[in-house]
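First up is the structure itself, then whatever we jot down about it.
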Amino acid sequence: MTAQLHVDLGAFGENLRVLRDRVAPAELMLVVKNDAYGHGVERILPRALEEGVTWVGAFDVATGRRVRRLVGEAIRVFVWMLPDPDDVAEAIDLQLDLGVGDAQLLEDAAAAARRAGTTARVHLKIDSGLRRNGIRPEEWEAVVRRARALEKRGAIRVIGVWSHIAEASDADDDDARAIFDLALTQARVAGLTPTVTHLAASSAASARAEFRYDLVRIGAFAYGVAPAGGPSALNLGLRPIGTLTATVTAVESERVHVDAGFLHGLPTALAGAADVGTPAGRRPLLAVEALQSLVGSWGGAASGDTVVLYGGGVDEPTATEWAEAIGTIGEEIVTRISPRLPRTSE
Ligand SMILES: *Cc1c(COP(=O)(O)O)cnc(C)c1O
């Protein structure tokens with residue numbers, strides 16, 4: 001046996017059902033960036049389709065290509081990381097929906113669509129305060145007018161208007177929502193008719209109905225992982241879908257060796273800060289080395305025993321709990337797990 005990540009697709013399906021019920025009538029876009037938050041796009045996506053997911057948030061074109069290969073034309077695939085014109089051309093070729101956060105990208109999309117003899121599906125992004133990417137409010141009216149002109153020529157179609165919020169404080173999110181609402185009004189005044197408006201990710205979508213609009217972009221909660229702030233995934237009845245296990249390889253009097261270390265993606269900061277689940281209950285994680293870690297021993301510990309590094313079972317630490325122990329967010333833990341570590345699923 002070696003360390004491995006077990007993915008519980010049953011729990012994933014249930015999480016999707018809980019979330020879809022909660023956000024209805026808004027639709028759910030499943031975000032699969034970072035290889036479905038470390039759980040594997042190829043493993044996750046077929047189950048998502050069975051559950052009726054119709055939108056996938058792929059982040060970049062490389063992921064969008066993988067998603068298209070897996071699901072064909074059946075669903076809408078949204079990408080918003082388009083650093084150069086080649087990405088834009090390929091995204092249009094793959095019939096992806098493009099998140100467009102600057103005026104130049106709008107021109108690139110229109111030009112690429114004209115060359116390809118098609119119409120680009122565009123979601124215009126207003127910067128509602130995060131300042132990461134997005135059209136600034138003072139430029140917005142000019143950009144929506146330009147988008148309408150390009151639409152009339154058939155080069156683009158503005159399917160959506162969207163933004164991203166911090167979800168760290170309700171007051172900041174409320175300010176962002178006011179900016180978003182104004183931007184929507186201005187887009188409509190310019191003659192655009194977006195049918196898919198979207199603002200919230202896991203936290204705001206789960207906690208605040210007025211943030212749901214037509215569509216919510218859900219990553220962390222679908223995998224049972226909690227992001228920073230907001231309601232905890234566990235309080236909503238969502239279960240972690242990933243369980244990381246390792247095998248005891250040697251037993252000393254005070255500690256045992258297990259076969260997962262920082263080269264497998266365990267943060268070294270966890271040593272002395274986090275627990276793991278053992279057959280005798282929780283024990284402290286004492287050290288994280290390259291290929292192994294040291295765990296506090298228990299009576300009867302033997303080589304070949306399995307320890308749960310994180311998971312979702314009774315008395316097992318969760319990835320979110322590990323994250324809290326070292327001051328980060330759950331997705332930082334799960335997305336770091338090495339892709340070379342074997343994955344299993346059921
Ligand atoms: C990652 C991401 C999401 C999903 O966020 P979660 O908190 O994991 O649900 C949504 N929208 C955008 C733009 C993102 O980058």
Side-chain angles (χ1 to χ4, degrees), residues 3-12 14-15 18-19 31 34-39 44 167-168 201-207 218-248 255-256 258-262 264-289 292-298 301 305-338 341 343 345:
Q4 57 180 274
L5 181 72
H6 182 75
V7 178
D8 183 343
L9 293 174
F12 174 63
E14 278 169 37
N15 288 348
V18 168
L19 287 161
V31 176
N34 292 317
D35 200 23
Y37 290 51
H39 300 88
I44 286 296
E167 302 185 315
S202 288
S203 286
S206 299
I218 304 280
F221 278 15
Y223 308 102
V225 173
S232 137
L234 297 175
N235 293 343
L236 297 168
L238 303 166
R239 284 195 287 148
I241 72 163
T243 301
L244 183 65
T245 64
T247 304
V248 175
R255 53 195 207 171
V256 303
V258 302
D259 60 359
F262 63 74
H264 301 108
L266 303 193
T268 53
L270 290 169
D275 289 338
V276 307
T278 79
R282 289 179 178 232
R283 291 293 183 276
L285 184 59
L286 302 171
V288 177
E289 300 173 358
Q292 66 166 4
S293 295
L294 304 175
V295 170
S297 193
W298 61 94
D305 283 354
T306 298
V307 304
V308 176
L309 297 170
Y310 66 73
V314 179
D315 209 27
E316 291 166 6
T318 62
T320 304
E321 203 182 314
W322 266 22
E324 282 162 356
I326 59 170
T328 181
I329 58 174
E331 75 174 81
E332 284 288 330
I333 301 286
V334 297
T335 59
R336 279 178 60 130
I337 300 306
S338 165
L341 208 84
R343 263 92 171 147
S345 55

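No hydrogens, no waters, no symmetry mates; every other heavy atom, side chains included, goes into these values.
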Over all atoms of both residues, closest heavy-atom pair of [X] and [Y]:
X      : Y      : result
Ser202 : Gly219 : OG-N, 3.7 Å
Ala205 : Ile218 : CB-CD1, 3.9 Å
Phe221 : Ser206 : CD2-OG, 3.3 Å
Val256 : Val248 : CB-CG1, 4.1 Å
Ala222 : Asn15  : O-ND2, 3.1 Å
Ala246 : Leu309 : CB-CD1, 4.1 Å

Please list, chain by chain and in numerical order, all residues satisfying side-chain contact (heavy atoms from CB on, under 4.5 Å) with [X], sequence neighbours excluded.
X      : answer
Ala280 : Thr278, Arg283, Trp298
Ala11  : Asp8, Arg239, Ile241
Ala323 : Thr328, Ile333
Thr268 : Phe262, Val288

Could I get the full list of side-chain hydrogen bond (donor to acceptor under 3.5 Å, both in side chains) partners for [X], not counting sequence neighbours?
X      : value
Asp275 : none
Glu332 : none
Ser297 : none

Identify, with sequence neighbours excluded, every residue that meets ring pair (Phe, Tyr, Trp, His ring centres under 6.0 Å) alongside His39.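 For His39 the ring pair (Phe, Tyr, Trp, His ring centres under 6.0 Å) partners, ignoring immediate neighbours, are Tyr223.
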Does any non-hydrogen side-chain atom of Phe12 lie less than 4.5 Å from one of Ile44?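 Result yes, sub-4.5 Å side-chain heavy-atom pair found.
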Any side-chain heavy atom of Thr245 within less than 4.5 Å of one from Glu316?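 When only atoms from C-beta onward are counted, Glu316 and Thr245 do not touch, as no gap falls below 4.5 Å.
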Test your reading of the model: is there a side-chain donor-acceptor pair from Arg343 to the backbone of Gly38, 3.5 Å cut-off?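 Here the side-chain-to-backbone pair exists.
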Ignoring hydrogens and angles, tell me if any N or O in the side chain of Ser293 forms a donor-acceptor pair with the backbone of Ala260 under 3.5 Å.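 Yes, because the side chain of Ser293 sits within donor-acceptor range (under 3.5 Å) of the backbone of Ala260.
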side-chain contact (heavy atoms from CB on, under 4.5 Å) with Val308: which of Val276, Thr243, Asp315, Leu244?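 Testing each of Val276, Thr243, Asp315, Leu244 against Val308, the sole residue satisfying side-chain contact (heavy atoms from CB on, under 4.5 Å) is Thr243.
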Give, for atom [atom1] of [X] and atom [atom2] of [Y], the distance between the pair rounded to the nearest 0.5 Å.
X      : Y      : atom1 : atom2 : answer
Gln4   : Asp259 : CD    : CG    : 9.5 Å
Gln292 : His264 : CD    : NE2   : 10.5 Å
Arg255 : Leu294 : CZ    : CG    : 4.5 Å

Report the residues that fulfil salt bridge (Lys or Arg N to Asp or Glu O under 4.0 Å) with Asp305, sequence neighbours left out, ordered by chain and then residue number.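 Asp305: no salt bridge (Lys or Arg N to Asp or Glu O under 4.0 Å) contacts found.
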Taking only residues two or more places apart in sequence or in another chain, which ones pass salt bridge (Lys or Arg N to Asp or Glu O under 4.0 Å) with Glu324?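 Glu324 satisfies salt bridge (Lys or Arg N to Asp or Glu O under 4.0 Å) with no residue once adjacent residues are dropped.
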Enumerate the ring pair (Phe, Tyr, Trp, His ring centres under 6.0 Å) contacts for residues 310-329, please, sequence neighbours excluded, ordered by first and then second residue.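 Of all non-adjacent pairs touching residues 310-329, those that pass ring pair (Phe, Tyr, Trp, His ring centres under 6.0 Å) are Tyr310-Trp322.
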